[in-house]
Each structure stands twice: as C-alpha cells, then as structure tokens.
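So the structure is just underneath, and the comments pick up after that.
As the structure is a prediction and not an experimental result, all values here were calculated from the model.
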Amino acid sequence: MIYETYSTSPIAQDLDSLKELVSTMSALHSALAAFETPNTERLWNERLKAMEDELKPHTLWRAPHTPATVGLPGLNLDLEHTVAGETNSSWIAMPHGLADHLVCQNDRLPSLAMLMRIERQWTTHRELDTEGRKSLLEVWATHTPTPWSKGKALSTALGGAWVWRYNAVLEQLLMARTYGDEALEQRSLDWLGEVSRLQARLGSLRTWKSGFWVAVTGVLVAYFGEDWGTFTSTGALLIAAGSIAFGVVTNRIYWLKDPLPY
C-alpha cells in the first residue's frame, strides 16, 4: 500500500497520549468485529510453543480461552511506527511482525493480544504500574464489543490478559536477540523470571477447583449409599446437600482468587 507522506511522531510521552492511541486501536478492532473468527486456542498455544522452542526462556505456558476471545484479521500496529495527524498521533498499518515471519505460523490474534503488545512496547520506554495497566484495559473495553472484556473473558485462569502479555514479551525477546538489543533482552528475561510465581498461584487455584469433583463424588456416594441401604434417605440427602454446597463454595472461592488481569 502507498500512503500519503506523513511526519513520523515520537513514541507516546505520557499515559494520556497512549490512551488516545489505544482508543483509536480499539475503534479499528471494533470495525473488524464483523470479520471475527472463533477461538483457535490450539493455534495460539502452538504460537507460544514455537517461540519457547526457539528462545529457550525456561518458561512454559499454555492456556484455554473463552469463546468470547476471537481472532481478528491481521492489523499489525506498532507503537514505534505512528504518524502525526491533524490533532494527535495516528497508527499506520505495518507488515506482519518479526515473530510471524521467522518463527510462528501467521494466525489471527484477538484484540486483547494486540493491546498487550502495545502495553509491553510502551513499558520499554516508561514504567507502567497496576493502575496504568488497569486504565488501558478500561479504555480498550470502552471502545470494543462488550463480550471481549466481560464475564470470564479476562480471567487469568482462562488465559486472559496475562497470557497475551507473555506472548508479547516472547515477541520482544525474539526481537532483542535478532537485533542484539541487550537491554531489551534483559528486561524480557527479568519479566519472564516472574512467570513461575504467577503460574504457581494458578496452580494453587486448582486445589479449589477440585472441589467440584469432591461434590460429584459426594452426590454419587449418597445416591448409591441409599440404593444399597448403607444410608437412610435423610442421611443420603444430607450428604448430597453438603457435597453440593461444598462444590458451590469452593467454585466461588476459585473465581474470587483468580488473579486480576492487571
């Protein structure tokens, strides 16, 4: 494609400028919602594996994704490549990224993946704390279809924002090693060094998730216990009710302890 000649603009200098760019990006993605494709988590996880195999980062992450996480036509936006518009900076579409050319199968990624890529690019120039990450997600959610950010769409236990941050950091590590950027490589490795802590927290959540199977077992014991005459009808009813209550409570705790997306 041939564009008019524009003056390049410097990378966003403050959070408000970044939010304006995120808002514009979100509007672009919303316009592409009519062309969305269903969740392809197998391909997305293969993408992570391809980069892990190439980079050997000593991390491993595979995630499920909710049906609300959908793929969009490729629209590669890069924070290093924006142009000066009439009032503020604007995006210009770039070719596919380095990872797609060298390591990964080119695939449709969700809007959330592209937001996390922009977030990680900005953090190489400016620090971004929890409140900053939260505000970017809020701006994105305001300008994109509601299902993309509601319910369990951002659940860390189901991939959510964190697994796409992981994808973005792997992309940065690949970029750093390709071009010999030692500072970016070290920042990427430092971030990846914290992944095990998040995964350990997710692992501990599975203990609460197992309450579902405890509940199922309790109901089966109550049913067959009454059928075989081991329990009275009242006793079986109490066991079944207690098992169901236990399952409901542990499931509630599981989702309450789900790490926040920011």
Side-chain angles (χ1 to χ4, degrees), residues 9-29 48 51 57-59 61 63 65-66 69 77-82 88-89 91 97 109-144 146 148-176 181-205 255-262:
S9 61
I11 195 166
Q13 298 297 308
D14 54 66
L15 189 57
D16 287 339
S17 299
L18 181 62
K19 288 179 181 179
E20 289 182 3
L21 285 169
V22 168
S23 175
T24 305
M25 180 197 75
S26 303
L28 291 171
H29 289 169
L48 297 177
M51 288 191 285
H58 305 296
T59 53
W61 199 339
H65 295 271
T66 69
T69 306
L77 305 178
D78 192 313
L79 202 58
E80 302 284 351
H81 297 88
T82 58
N88 50 37
S89 296
W91 298 105
L109 299 181
S111 178
L112 184 58
M114 291 176 264
L115 173 65
M116 294 301 101
R117 181 182 294 167
I118 297 306
E119 178 194 284
R120 294 310 308 168
Q121 287 179 348
W122 201 69
T123 57
T124 63
H125 302 274
R126 302 282 189 278
E127 291 295 328
L128 194 62
D129 59 13
T130 300
E131 286 302 315
R133 292 192 295 269
K134 180 181 179 181
S135 65
L136 289 184
L137 276 168
E138 289 174 344
V139 170
W140 170 77
T142 300
H143 295 87
T144 51
T146 300
W148 294 2
S149 58
K150 294 300 182 182
K152 294 184 173 61
L154 296 180
S155 166
T156 304
L158 299 176
W162 282 106
V163 78
W164 291 114
R165 284 192 184 95
Y166 178 67
N167 171 78
V169 173
L170 290 179
E171 290 177 346
Q172 286 186 324
L173 181 58
L174 177 65
M175 180 75 72
D181 188 335
E182 295 181 0
L184 179 58
E185 179 179 9
Q186 190 58 54
R187 281 195 299 271
S188 301
L189 291 174
D190 289 343
W191 192 95
L192 292 170
E194 299 295 318
V195 166
S196 59
R197 295 176 59 185
L198 179 58
Q199 290 179 321
R201 185 174 174 185
L202 292 174
S204 67
L205 283 182
W255 291 114
L256 287 174
K257 288 182 172 290
D258 188 18
L260 295 173
Y262 41 80

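A donor and an acceptor atom, one from each side chain of Ser111 and Trp140, are located under 3.5 Å apart.
Residues passing the side chain to side chain contact (heavy atoms under 4.5 Å, CB included) test with Asp181 are Ala176, Ala183, Leu184, sequence neighbours excluded. Legend: residues meeting side chain to side chain donor-acceptor pair (under 3.5 Å) with Glu119, ordered by chain and number and at least two apart, are Arg165. In this view, Ser149 satisfies the side chain to side chain donor-acceptor pair (under 3.5 Å) rule with no residue, not counting sequence neighbours. With sequence neighbours excluded, the residues satisfying side chain to side chain donor-acceptor pair (under 3.5 Å) with His125 are Glu80. Shown here are the side chain to side chain donor-acceptor pair (under 3.5 Å) partners of Arg133, two or more places apart in sequence or in another chain: Thr130.
Here the closest heavy-atom approach between residue Ser89 and residue Ser9 is recorded as OG-OG, 3.1 Å. Residues Met114 and Leu109 share a closest heavy-atom pair of CE-O, 3.5 Å. The shortest non-hydrogen separation linking Gly132 to Ser135 is O-OG, 2.7 Å. Contact record, Pro259 with Leu202: CD-CD2, 3.9 Å, taken as the closest heavy-atom pair.
A distance of 9.5 Å separates CD in Glu171 from CG in Leu48, rounded to the nearest 0.5 Å. With rounding to the nearest 0.5 angstrom, the CG atom of Leu115 is 11.5 Å from the CH2 atom of Trp148. Atom CG of residue Leu77 and atom CG of residue Leu28 lie 6.5 Å apart, to the nearest 0.5 angstrom. Atom OG1 in Thr24 sits 8.5 Å away from atom NE2 in His143 (nearest 0.5 Å). The distance from the OG1 atom of Thr123 to the CH2 atom of Trp191 is 10.0 Å, given to the nearest 0.5 Å. Note that CD of Glu131 and OH of Tyr262 are 7.5 Å apart. Values are rounded to the nearest 0.5 Å.
Proximity of a side-chain donor or acceptor of Trp162 to a complementary backbone N or O of Leu260 within less than 3.5 Å is detected. The closest donor-acceptor contact from the side chain of Ser26 to the backbone of Val22 lies under 3.5 Å. For Asp258 (side chain) and Ala157 (main-chain N/O), a donor-acceptor pair under 3.5 Å exists by modelled atom type.
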Carefully, step by step, assess Gln121 and Asp78 under the rule side chain to side chain contact (heavy atoms under 4.5 Å, CB included).
CA-CA 8 Å; Gln121 287 179 348; Asp78 192 313; 3.5 Å; yes
Between Leu112 and Leu137, does a side chain to side chain contact (heavy atoms under 4.5 Å, CB included) hold up when you go through it step by step?
CA-CA 9 Å; Leu112 184 58; Leu137 276 168; 3.9 Å; yes
Between Leu173 and Leu192, does the side chain to side chain contact (heavy atoms under 4.5 Å, CB included) criterion hold? Intermediate values first, please.
CA-CA 10 Å; Leu173 181 58; Leu192 292 170; 3.9 Å; yes
Intermediate values then yes/no, side chain to side chain contact (heavy atoms under 4.5 Å, CB included), Leu18 and Arg126
CA-CA 11 Å; Leu18 181 62; Arg126 302 282 189 278; over 6 Å; no
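Residues Thr124 and Arg187 form a side-chain contact, since some pair of their non-hydrogen atoms from C-beta on lies under 4.5 Å apart. Proximity of Trp122 to Leu21: side-chain heavy atoms (C-beta onward) are nowhere separated by under 4.5 Å. Between Arg201 and Thr156, the closest side-chain pair of non-hydrogen atoms is not below 4.5 Å. With a 4.5 Å cut-off on side-chain heavy atoms, Leu136 and Leu15 count as touching. Between Tyr166 and Leu198 there is no side-chain heavy-atom pair separated by less than 4.5 Å. Annotation: side chain of Trp164 is not in contact with side chain of Val169 (no heavy-atom distance under 4.5 Å).
For residues 151-163, no residue pair satisfies the salt bridge (Lys or Arg N to Asp or Glu O under 4.0 Å) rule, not counting sequence neighbours.
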